[in-house]
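Note that the structure is a prediction, hence the values are computed from the model and not measured. Each chain gets a letter, A, B and so on, in the order its sequence line appears, and its residues count up from 1. Atoms considered below: every heavy atom in the structure, side chains included; atoms not considered: hydrogens, waters and symmetry mates.
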Amino acid sequence: MKIATFNINGIKARLNALTDWLDEAQPDVVLCQEIKSVDEAFPREPFEDRGYNVETHGQKGFNGVAILSKRPLEDVTRGLPGDDTDEQARWIEATVVGDTHACRLCGLYLPNGNPVPGPKYDYKLDWMKRLEARARDLLADEMPALMGGDYNIIPQAEDAAKPEAWVEDALFRPESRAAYRRILNLGFTEAFRAQTEGPGHYSFWDYQAGAWQRDNGIRIDHFLLTPQAADLMVSCTIDKQVRGREKPSDHVPVVLEIAL
DNA sequence: ATGACGTGGAATCCACGA
């Protein structure tokens with residue numbers, strides 16, 4: 001089963017780019033971030049016409065996550081547990097049943113957190129504490145599960161073309177990276193780094209200052225797998241070429257192949 | 001050294017992003 005994460009930066013602006021990519025890459029599941037749409041306005045038809053089930057968790061203007069899946073999505077839940085007052089749409093879960101295993105899918109859009117310090121950074125770190133709690137529960141369930149999405153975390157210096165430019169940024173601050181590492185250290189496998197080492201692998205290039213043309217990117221879109229999911233992993237790749245197309249998102253898809 | 005680009009929503013600019 002081919003499962004992708006893709007921050008599309010606006011579903012209305014990216015409709016053609018996304019459907020073109022679906023037709024070409026034929027993923028079974030896509031975890032989408034930054035749909036920037038309320039649920040009622042999400043254009044379901046182009047995806048349903050292609051055989052995808054659509055589950056959204058949107059809000060007006062910003063954020064918003066969705067799952068597209070060719071197989072039925074069961075037990076869908078919306079919102080990251082742990083704070084009933086949190087109104088930002090950044091988390092959605094569902095279970096997909098494969099040929100041999102079921103897998104819990106968690107799609108996430110982790111807060112950016114800039115500027116540092118400030119309330120937005122506090123929110124990021126608070127959100128990551130809640131993420132850690134949910135991650136612990138997923139491990140305790142001892143079933144294949146994954147958390148995929150835009151983590152807004154540059155895990156290591158090698159994950160940025162110019163790491164020195166990010167040292168004061170919420171995506172690369174020691175506190176951010178430590179919070180991410182705490183989750184990894186619970187027993188998760190970061191899918192891309194399980195197979196590929198070294199610098200030069202990015203999933204985001206800013207629209208500004210010719211970042212794409214200069215390959216000035218960062219790797220911030222990740223899949224974290226429970227041990228039961230990691231045992232089924234086949235490959236994890238970044239579909240870099242998508243960034244060079246017409247009217248692209250500033251992120252590209254990361255694609256996980258897993259033997260479900 | 002600075003700014004640069006894009007999206008959505010409201011409104012002819014602003015918030016937000018990374």
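- Residue A:E34 contributes atom CD, which lies 9 Å from atom C1' of B:dC16 at whole-angstrom precision.
- For the pair A:L18 CG and B:dT7 P, the interatomic distance rounds to 14 Å; values are reported in whole Å.
- We find that CZ of A:F204 is positioned 13 Å from P of B:dT7, with the value rounded to whole Å.
- As judged by a 4.0 angstrom heavy-atom cut-off over every strand, A:D150 is placed among residues touching the sugar-phosphate backbone only.
- Summarising the geometry, the separation between CD on A:E246 and P on B:dG6 is reported as 11 Å, rounded to the nearest angstrom.
- With hydrogens and angles left out, the side chain of A:N152 and the base of B:dA18 share no donor-acceptor pair within 3.5 Å.
- Residue A:F172 is out of contact with every strand shown, counting any heavy-atom pair closer than 4.0 Å.
- The stretch residues 194-204 of chain A participates, sequence neighbours left out, in these side chain to side chain donor-acceptor pair (under 3.5 Å) pairs: A:S203-A:D221.
- Rounded to whole Å, the C1' atom of B:dA18 lies 15 Å from the corresponding atom of B:dG3.
- Taking 4.5 Å as the limit, some side-chain heavy atom of A:V242 sits within range of a side-chain heavy atom of A:W21.
- Shown for residues 120-129 of chain A: residues whose heavy atoms fall under 4.0 angstrom of DNA chain B, namely A:K120.
- A salt bridge is absent between A:R44 and A:D39; no separation between the charged side-chain nitrogens and carboxylate oxygens falls under 4.0 Å.
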For nucleotides 3-5 of chain B, list the nitrogen or oxygen atoms of the protein found under 3.5 Å from its nitrogen or oxygen atoms, one pair per line.
from, atom 1, to, atom 2, distance (Å)
B:dA4, N9, A:Q208, OE1, 3.4
B:dA4, N7, A:Q208, OE1, 3.0

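- Mapping A:G61 and A:L171 onto DNA chain B by nearest heavy atom places A:G61 closer to the 5' end of the strand.
- A ring-ring contact (aromatic ring centres under 6.0 Å, His included) check over residues 140-169 of chain A, counting only residues at least two apart or in different chains, returns the pairs A:Y151-A:Y180, A:Y151-A:H222.
- Using a cut-off of 4.0 Å between Lys/Arg side-chain N and Asp/Glu carboxylate O, A:D159 and A:R193 are scored as salt-bridged.
- Listed pair A:Y202 / B:dA18 fails the phosphate criterion, with no side-chain N or O lying under 4.0 Å from OP1 or OP2.
- Counting only residues at least two apart or on different chains, no ring-ring contact (aromatic ring centres under 6.0 Å, His included) pair has a member in residues 73-122 of chain A.
- Separating the CG atom of A:L15 from the C1' atom of B:dG8 is a distance of 16 Å, rounded to the nearest angstrom.
- Comparing the P positions of B:dT12 and B:dT2 gives an interatomic distance of 30 Å, to the nearest angstrom.
- A 4.5 Å side-chain heavy-atom check between A:C103 and A:L146 finds at least one atom pair inside the cut-off.
- Not one side-chain nitrogen or oxygen of A:H251 sits closer than 4.0 Å to the OP1 or OP2 atom of B:dG17.
- Comparing the C1' positions of B:dA10 and B:dC16 gives an interatomic distance of 14 Å, to the nearest angstrom.
- Across the interface with DNA chain B, nearest-nucleotide mapping of A:R14 and A:N63 shows A:R14 to be the residue nearer the 5′ end.
- If you measure from atom CD1 of A:I218 to atom P of B:dA18, you get 8 Å, rounded to the nearest angstrom.
- Between A:W205 atom CH2 and B:dG17 atom C1' there is a gap of 17 Å when expressed in whole angstrom units.
- Grouping the Ile, Leu, Val, Met, Phe, Trp and Tyr side chains by contacts below 4.5 angstrom, directly or via other members, places A:L171 apart from A:Y123.
- Here the P atom of nucleotide B:dC16 and the CG atom of A:N114 are 13 Å apart, to the nearest Å.
- A search for side-chain contact (heavy atoms from CB on, under 4.5 Å) contacts involving A:E164 returns A:K162, not counting sequence neighbours.
- Atom CZ of A:R214 is surrounded by 12 or fewer heavy atoms from other residues, nucleotides or ligands within 6.0 Å.
- Counting only N and O atoms by type, the side chains of A:D239 and A:Q241 include a donor and acceptor under 3.5 Å apart.
- Looking at the side chain of A:K60, the nearest of the listed nucleotides B:dG8, B:dA18, B:dA10 is B:dA10.
- For B:dC13 and B:dA1, the P atoms lie 32 Å apart once the distance is rounded to whole Å.
- Residue A:N9 places none of its side-chain N or O atoms closer than 4.0 Å to OP1 or OP2 of B:dG6.
- Regarding contacts with the backbone of B:dG17, every side-chain N or O of A:K36 stays at 4.0 angstrom or more from both OP1 and OP2.
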